[in-house]
Amino acid sequence: MKKHRFGSNKRRLERKILAMLAFFSISVGLWENFRQLWLQDNGFSATDVSTVTSIATFISVAGVVLVGVFVKARHLKAFMSAVLIVKFSFLSLLLGLDTTASTALINLCIIIDVLTSYLIVISVYPLITMAIKSNQVYSKRKLVEYLFRDLGILVGGLIIGQQFFGIIVDYNICLLVSLIFLAPAIIMMLRLKVKTTEKTTARCSSIAKYILRSRLQVFYMMYAFFAATSFACALGLKMLVLTNYLNFSVGIATNFLLIVGLLSDIIGVLALHYFTPKNDYITMTLKFGIRLVAYVIAVVADDPFISLLAITWSILISTAYEDVSDGYYINLVDNRHQFGYSTLKYVMTVSGEAVGMLLCGITYAVGIPCMLGVSAAITIIQMGIAYYLIYMRHHRRRVRHSASRMRYSERLINE
């Protein structure tokens with residue numbers, strides 16, 4: 001009975017954290033979908049948008065590093081609460097800066113917006129691991145994030161351009177609605193009751209040393225960097241690509257991203273439960289190989305419709321097979337290292353996104369084929385690392401997970 005009650009409490013805590021993440025993701029999805037267009041309406045060119053976003057992402061790397069060094073697991077809930085409040089405050093300030101031409105203040109608010117989003121995302125899964133930990137839970141967390149971001153896009157798509165009480169909903173009103181959804185996330189985080197079992201041991205002194213002892217984890221960090229770079233290079237300015245290059249209206253572009261995003265979430269759920277091949281090489285080929293071929297065809301064809309198909313496929317497959325491509329490596333780390341490990345992993349991911357966004361801004365002026373071509377070249381490197389990771393996984397010796405007492409059936413290649 002006690003074990004059952006303990007398990008029930010852990011599940012309840014998991015659901016509360018995921019509910020907080022859901023409201024946060026709706027807010028982020030609604031605002032980020034229109035952020036590029038909001039900036040464009042305030043006098044920012046596509047290059048300006050790319051530059052400020054990449055700078056914000058690089059700053060986020062430093063922020064993530066500092067968080068990993070100074071924030072302990074026992075302080076995670078308080079830290080996330082503070083970050084959410086800061087995000088709410090600066091977005092509220094940004095709300096009042098519309099049409100003011102206050103470029104410096106707008107840049108500051110965008111940087112804080114991007115930084116706080118990353119800090120919340122990197123902190124959610126370590127917080128969940130205090131309650132429960134598994135590959136499926138990792139994928140569930142990712143799917144909740146993606147699904148409710150798409151729901152945020154849906155909300156934005158439904159209200160943009162509409163008239164309520166004599167007020168036409170523009171990008172700034174969408175920012176206001178985003179803040180309304182962010183408020184419940186803050187309240188739920190403040191009310192969350194999390195007990196930590198964190199212990200300070202010599203083994204926790206350096207996450208870098210912990211990772212460097214494993215060739216598998218070193219190559220996974222490289223994989224995370226190139227995966228993020230490739231995706232951001234192709235899709236970092238997707239709203240501007242759809243509206244400026246492909247001549248979609250804002251409403252059509254929003255609905256397009258919404259439909260494709262929702263289909264992506266459905267594919268992710270179906271893949272998790274029904275369509276994951278037993279052969280991991282086939283899984284990686286389905287996730288990235290078809291994307292690579294689509295990019296190459298789009299570059300050769302130099303046709304807007306073919307490019308749109310390539311972009312669509314890339315989004316559709318983005319949430320699928322997270323348990324295979326990421327979950328294994330993250331859950332191999334015991335709970336004492338989980339936050340530090342997740343922090344370092346996000347440093348690599350955010351760095352990749354910053355480089356990818358910079359490349360996206362540079363290649364945007366040349367055209368979509370150039371963007372997809374550079375992304376395809378990076379994808380080749382990413383896939384090579386992914387296949388090597390699978391090879392190493394299949395040659396690991398059986399080890400016992402020191403924290404959860406779970407056994408893994410792979411074999412370790414000794415350095």
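Of the inter-residue distances, the one linking Leu37 atom CG with Thr254 atom OG1 reads 7.5 Å to the nearest 0.5 angstrom. The distance from atom NZ of Lys193 to atom CG of Leu13, rounded to the nearest 0.5 Å, is 11.5 Å. The distance from atom CD1 of Ile153 to atom CG of Asn255, rounded to the nearest 0.5 Å, is 10.5 Å. How far CD1 of Ile110 is from OG1 of Thr103: 11.5 Å, rounded to the nearest 0.5 Å. The OG atom of Ser375 sits 10.0 Å away from the CD1 atom of Ile311 when rounded to the nearest 0.5 Å. With rounding to the nearest 0.5 Å, the separation of CG in Asp113 from CG in Leu108 is 11.0 Å.
In this model, a donor atom of one side chain and an acceptor atom of the other lie less than 3.5 Å apart for Ser314 and Arg291. In this structure, a donor-acceptor pair under 3.5 Å is absent between the side chains of Thr51 and Asp48.
Between the Thr229 side chain and the Gly352 main chain, a donor and an acceptor come within less than 3.5 Å of each other. With Ser50 contributing its side chain and Thr47 its backbone, the two residues share no donor-acceptor pair below 3.5 Å. Looking at Ser102, its side chain never comes within 3.5 Å of a backbone N or O of Leu105 through a donor-acceptor pair. Side-chain atoms of Ser264 come within 3.5 Å of backbone N or O of Ile315 as a donor-acceptor pair. Side-chain atoms of Lys16 do not come within 3.5 Å of backbone N or O of Leu192 as any donor-acceptor pair. A distance-only check finds a donor-acceptor pair linking the side chain of Ser92 to the backbone of Phe88 [under 3.5 Å]. For Lys287 (side chain) and Ile317 (main-chain N/O), a donor-acceptor pair under 3.5 Å exists by modelled atom type.
When all heavy atoms of Ala376 and Leu292 are compared, the pair lying nearest together is O-CD1, 3.4 Å. Contact between Glu32 and Ser117 at its shortest, heavy atoms only, is OE2-OG, 4.1 Å. Of all heavy-atom pairs between Leu237 and Ala46, the closest is CD1-O, 4.4 Å. Nearest heavy atoms, Phe34 versus Gly156: CE1-CA, 3.7 Å. In plain terms, the two heavy atoms of Ala234 and Leu372 that are nearest each other are CB-CD2, 3.9 Å. A pairwise comparison of heavy atoms in Val61 and Val350 identifies CG2-CG1, 3.5 Å as the closest pair.
Under the 4.5 Å side-chain criterion, counting only non-hydrogen atoms from C-beta, Asn107 is in contact with Phe44. Here the side chains of Met80 and Met20 are in contact, with some heavy-atom distance below 4.5 Å. Looking only at side-chain heavy atoms (C-beta outward), Leu257 and Met239 come within less than 4.5 Å of each other. When side chains are defined from C-beta on, Leu182 counts as touching Phe24, because their heavy atoms get closer than 4.5 Å. Residues Thr116 and Phe90 are not in side-chain contact: their nearest non-hydrogen atoms beyond the backbone lie 4.5 Å or more apart. Gln36 places none of its side-chain heavy atoms less than 4.5 Å from the side chain of Val241. In this structure, the side chains of Asn244 and Gln40 come closer than 4.5 Å at one or more pairs of heavy atoms. Inter-residue side-chain proximity for Val355 and Phe58 is flagged as met; some heavy-atom pair is nearer than 4.5 Å.
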Give the C-alpha distance, both sets of side-chain angles, the deciding distance and a yes or no for side chain to side chain contact (heavy atoms under 4.5 Å, CB included) between Leu242 and Leu308.
CA-CA 9 Å; Leu242 292 174; Leu308 178 62; 4.0 Å; yes
Evaluate the criterion side chain to side chain contact (heavy atoms under 4.5 Å, CB included) for residue pair Phe23 and Ile186; output intermediate values, then yes/no.
CA-CA 9 Å; Phe23 279 104; Ile186 297 174; over 6 Å; no
Quick one: do Met189 and Lys77 satisfy side chain to side chain contact (heavy atoms under 4.5 Å, CB included)? Show the steps, please.
CA-CA 7 Å; Met189 177 57 69; Lys77 182 239 180 179; 4.0 Å; yes
Do Cys109 and Leu91 pass the side chain to side chain contact (heavy atoms under 4.5 Å, CB included) test, and can you show the C-alpha distance, the side-chain angles, and the key distance before you say yes or no?
CA-CA 7 Å; Cys109 290; Leu91 285 181; over 6 Å; no
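In this structure, Tyr245 has its ring center closer than 6.0 angstrom to the ring center of Tyr364.
Using a 30° and 60° split on the angle between ring planes, Tyr387 and Tyr281 fall in the tilted class, from 30° to 60°.
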Name the atoms and distances for all side-chain donor-acceptor pairs under 3.5 Å in residues 166-179, with sequence neighbours left out.
| unit_1 | atom_1 | unit_2 | atom_2 | d |
| --- | --- | --- | --- | --- |
| Asp170 | OD1 | Asn172 | N | 3.2 |
| Asp170 | OD1 | Ile173 | N | 2.9 |
| Asn172 | OD1 | Trp38 | NE1 | 3.0 |
| Asn172 | ND2 | Leu95 | O | 3.0 |
| Ser178 | OG | Ser27 | O | 2.8 |
| Ser178 | OG | Ser27 | OG | 2.8 |

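Phe164 CZ: more than 12 foreign heavy atoms inside a 6.0 Å radius.
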